[in-house]
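These notes concern the structure reproduced below.
Each chain gets a letter, A, B and so on, in the order its sequence line appears, and its residues count up from 1. Below, each value reflects all heavy atoms present in this structure, side chains not excepted, and no hydrogens, waters or symmetry copies.
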Amino acid sequence: MTTPTSPPTDVELLDHVWGPRPGFIGWLGQCNHKAVGRRFIFTSFFFLLLGGLLALVMRTQLAFPDNDVVGPQGFNELFTMHGTIMMFLFVVPMLEGFTIYVAPLQLGARDMPMPRLNAFGYWTYVAGGIFLLSSAVAGQVPDSGWFAYVPLTRAEFSPGLNLDFWLLGVTMLEISGIVAAIEVVTLVARFRAPGMSLGRIPIFVWSSFVASVMILFAFPPLVAGTVLLELDRKLGTVFYDALAGGDPLLWQHLFWWFGHPEVYIQLIPALGMAAAIVTTACRRRMAGRTAVVASLVAIGILSFGLWVHHMYATGIPLLATSLFTAASFMIAIPSGVIVMSFIGTMWWGRIRWTTSMLYVVAFVFVFVAGGITGVMVAMVPFDWQAHDTYFVVAHFHYVLVGGSLFPILGGLHFWMPKLTGRILNERAGRWAFALNFVGFNLAFFPQHTLGLFGMPRRVWTYEEGLGWEGLNLLSTAGSYIMGVGMLIFTINMLVAHRPGAPLAPADPWGAESLEWATDSPAPNYNFRGSMSVESPEPLWDGRSELGGSDPSDDDPEWRQQLDRPTTGLRQGLATTLLDAEPDHIITLPGHSLWPLWLSIAISVTMTGVLIDSIGLTVVGVGAIAAAAATWLWPGVE
Amino acid sequence: MSATRSRTAEPLRGDQTAHSMGLWGLVLGLIVLLMFVAGLSAAALYLEAGQPRDVVTGETSAGWPPPGIDQPSRLLAGIAVLATIGAAVALTSALRRIAAGASQQATLLVGVGFLTSIGAGVLLVIDLLQTPFGWDDHAYTSIYWALTGATTLFVGVAALLAASVLVQLLTGVIDARRHLELYNSTIYAWFTVVVATLLLALVHLLPLVGGSS
C-alpha cells in the first residue's frame, strides 16, 4: 500500500531548489556561496597551520647561535614558503571566504551574483596551492623570498624550477583573488535587500567592497610583472637584465604596486570583521560609523601611493622619497580615525567580554604598535638604518598578526555558529587567546630590539657573542607559546564539531546585522518572505522587516515568484545601486562542474609551461578555450 | 531597446533594460585587463625612460631602439589597428540590426567582424615574424615582442568571441529579444581597439618621442 505524498510546502520547495545535488559529483559541483565560502575558510585555515609550522621550524633554527636544524638552503625555502603561504594562501583567501559566506547574508541576498565564477575562484585557489606545494615533491621549493626580487630570481641565479613554481602558482592565486573581487563588487552593488541604501550597508561589507576594488587595481600589474619575469626565465627576454637595457628595479615597482595595497587588502576586511564584533559585543552602533567607512575608502585610495616606501634603499631620488614619506604619514590619519572609533565604541558601550571581543582588543593594541613602527620606517633616515633588519620583521608581523590574524581568529569565534551551526567553547577560546596574545608579543617584540642591534632578515644562523642570543631564544619561546595557542584553537574547533555537540541558536550574540535573522547555519535559500531594511542595524531598530513570513497573495508578484520557485529555478532579487529598490529578478546557475574543469585546464597549461612542454601547454590552452566556451554557452546548465 | 536582452534577468519595471550580472562581470573584467595592460605599458615607459640620456638634448644616448637594431615598419601595425576598429564597427552595426529584427544582416556583419579580427591578428603575427631582431637582443626588442604579442592575444580573443556569437546566431540561440552575448562581444571589440591603439602606439611611437638612435 502506498501513502499519498502531499505536495511540498513553499519552504521545502525553496530548500530543494537551492540545495546541492546528491553524491560526490553534487559536492564537487556546488557553487552556492555558503559551500564555497566554507571551503575557502577551512582550506585557508589549513594553510595557516602549515605556514605556522614552517615558522616554528625557522624559530627553532634561530633559537641558538650556530644552530644547524636546517641548512641555509632549507632556511631560504622555509622563509619563502612561510611568507608565500601566509600572504597568498591564508590571509586573502580566508578573508575572501568570510566575505563570500557572510556578505550575502548581511545584505539579505540568496547567493553571490555569479555562483559559477565563485566556484571557479575556489578551485583555482586550491589548484594554485597544490601547484606551489608540489614544488616540495619535485625537490624544487621556491627559495627567493615571497617578493622574488630580481636579479636573484632570473634564470642565471635561480636556474632550477623553484621560481617557476612560485611565479606560476602565484599567478593562479591572483586569478582566484581577482574573480572573487569581481563577484564581491557586483554583489554589493546589486544584491542588497530592499531598503539597504549605501548608508545602511554593514561595515564588514563596506570593507570587503573596498578591498575588492583594490584587488581589481592591484593584482593585474603583478600578473604583468610575473609574466615578464617568466618570459625572462623561459624564453630569454631581457626585461630585467641591466646588461641588455632592462632594469631589475622594474620588478620592484610592479611588485610593490601590488604588494603595498596587498597589506591593506589584508587589513581592511579584517577591520570590518572587528567592527562587526565590537558593535555586537559593546551593544551599540559603531561610534563614528560614517567616518569609519570614509576612512576605509581613504585607506584604500592612499594605499596605492605608498609603494616606493619599500624601495628607499634602492637609490630613489630624494624628492620622490619625500613624497612617499608624506603619503605614508597621511595614511596614519584614517587608520587613527578607525582606531579611535573602536575605542569610542568600547568606551560608550557595555562590553560583553566574549573571546571574539578579546581578539578585537588585542587587535587594537597590536595594530597600533605596528602602525607606530610603520610611521618610523616610513621616514627615510630611519628606514636606511632599519632596512632589511629584524625591526622590519617585527613591524610587519605586528601589522599583519594584529591587523589580520587576530580579527580572523575573533571572526571564527563570532561567525562559527552561522558557518556550521556549532559554537566554539569560550573557556578554551580564552586560553587559546591568552597564549596567542602573550606568545605573539614574546615572539615579535624582542625582534624590534634585535633589528636595532643589527640582526639582518633572512639569515639562517648567527655567531655567538653578537648580543642576539637571549632575544632570539625569547622570540623562539614566544613562537612556541603561540603554537600551543593555535593548537588549542584548532582542537576547540574540532571538538565543537564532534557528533552530538550542541547546536547554536540563530542569534547567539544578540547581533544587529541580517545574517543573524536566519537560522544557524543559514538554510540553503538564506532568506524568504518580505524584507525591508530601515537602518544599519536592522535587528535592533524594531522597524525593519526581516523575512521569515510565508508568501501571501497580497505580496507583489515578484515576491511570490521568489518564495514559490515552482519553475525550479534559483532566483534572487537585484536592487538598484544607490537606494536598493527592487529592480530585477535574476536567475542564478546552480550545480556546475565547468569551473572545476576550467581550473584543471589552467593547471595543465601552467604545468606545461613549468616543464617546457609545448604539447602540454597547447593541450591546456585548448582545454581552457573549450571549458570557457561550454561554460558560457547559453542554457548548458 | 529590448527589455529582455538577457535570459537570466527579468526587469521588475517595464521601462528598464534587463542586464544580467554577466555584464557587470564583463565591465569589471575589462578593468582588470586594462590594469594588466597598464602594467605592460608602465614597463615599456619605465624601460625607455631608464635608458642613459644626453644631458643636452634629452634624447636617449643609448637609443630606443639602440644602435644596430632597426625599428620595424609601422605599416602592418597601423593596418591592424584599423582592422580592429573595422571589426568593432561591424559588431556595433550587427547589434543594431539584431535589435531591429534583421538577423540575417546581423549574421553577415558579425561574420565581417570575425574575419576582420582574424585579419588584424594575422597582420600582427606577420609583423612579429618579419622583425629583424629576436626578443632577447635588447629590452627594446623584448618590449616590442611582448606588447605586440599581447595585442595579438587580445585581438585573437575578440575573434573567438565573434566566432562564438556567429555560431549562436546561426543556431538561433541569439535573436532580436535575447542578444546579450553580441552586446558583450561588441563591448570587448571596442576594448580591443583601445588596447591595440595604446600598446602598438607605445611600441612604434615611443622611439619618436624618446629619441631614436
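Residue A:Leu254 touches chain B through its side chain alone, counting heavy-atom pairs closer than 4.5 Å. Only the side chain of A:Phe191 comes within contact range of chain B, with at least one heavy atom under 4.5 Å from a heavy atom of that chain. Neither the backbone nor the side chain of B:Ser41 comes within contact range of chain A; no heavy atom of the residue lies under 4.5 Å from a heavy atom of that chain. Heavy-atom distances place both the backbone and the side chain of B:Ala43 under 4.5 Å from chain A. Both the backbone and the side chain of A:Leu235 have a heavy atom closer than 4.5 Å to some heavy atom of chain B. The contact between A:Gln561 and chain B is made entirely by side chain atoms (from C-beta outward), counting heavy-atom distances below 4.5 Å. Of the atoms belonging to A:Gln571, it is side-chain heavy atoms, and not backbone ones, that fall under 4.5 Å from chain B. Both the backbone and the side chain of B:Ile143 come within contact range of chain A, each with at least one heavy atom under 4.5 Å from a heavy atom of that chain. For A:Ala181, no part lies under 4.5 angstrom from a heavy atom of chain B. For chain B, the nearby parts of A:Leu249 are the backbone and the side chain; heavy atoms of each come within less than 4.5 Å.
At a threshold of 4.5 Å between non-hydrogen side-chain atoms, the residues B:Leu12 and A:Leu573 count as touching. For the pair B:Asp136 and A:Thr237, the minimum side-chain heavy-atom distance is 4.5 Å or more.
Within a 6.0 Å sphere centred on CD of A:Glu156, heavy atoms belonging to other residues, nucleotides or ligands number more than 12. Within 6.0 Å of CH2 on B:Trp135 lie no more than 12 heavy atoms contributed by other residues, nucleotides or ligands. The local environment of CG in B:Leu129 is crowded, with over 12 non-hydrogen atoms from other residues, nucleotides or ligands closer than 6.0 Å.
Here the CG-CG distance, from A:Leu228 to B:Leu47, works out to 8.5 Å after rounding to the nearest 0.5 Å. Taken from CH2 in B:Trp24 to CZ in A:Arg190, the straight-line distance is 6.0 Å, to the nearest 0.5 Å. In this structure, CG in A:Leu632 is found 9.5 Å from CG in B:Asn184, a value given to the nearest 0.5 Å. Considering CD of B:Glu10 and CG of A:Asp583, their distance stands at 12.5 Å, rounded to 0.5 Å. To the nearest 0.5 angstrom, A:Asp247 atom CG is 13.0 Å from B:Glu48 atom CD. Atom CD1 of B:Ile31 is separated from atom CD1 of A:Ile178 by 12.0 Å, given to the nearest 0.5 angstrom.
The heavy-atom pair separating A:Phe217 from B:Met35 by the smallest distance is O-CE, 3.1 Å. A:Gly246 and B:Ala139 get closest at one heavy-atom pair: N-CB, 3.6 Å. The minimum heavy-atom distance linking B:Ser142 with A:Val238 is given by the pair OG-N, 3.0 Å. B:Ala146 and A:Phe239 make their closest contact through CB-CZ, 3.5 Å (heavy atoms, listed as atom of the first residue, atom of the second, distance).
Per-residue heavy-atom pair counts under 4.5 Å with chain B were compared for A:Ala625, A:Ala574, A:Ala224, and the maximum is reached by A:Ala224. Note: A:Ala244 leads A:Pro556, A:Gly225, A:Ala244 in heavy-atom pairs under 4.5 Å with chain B.
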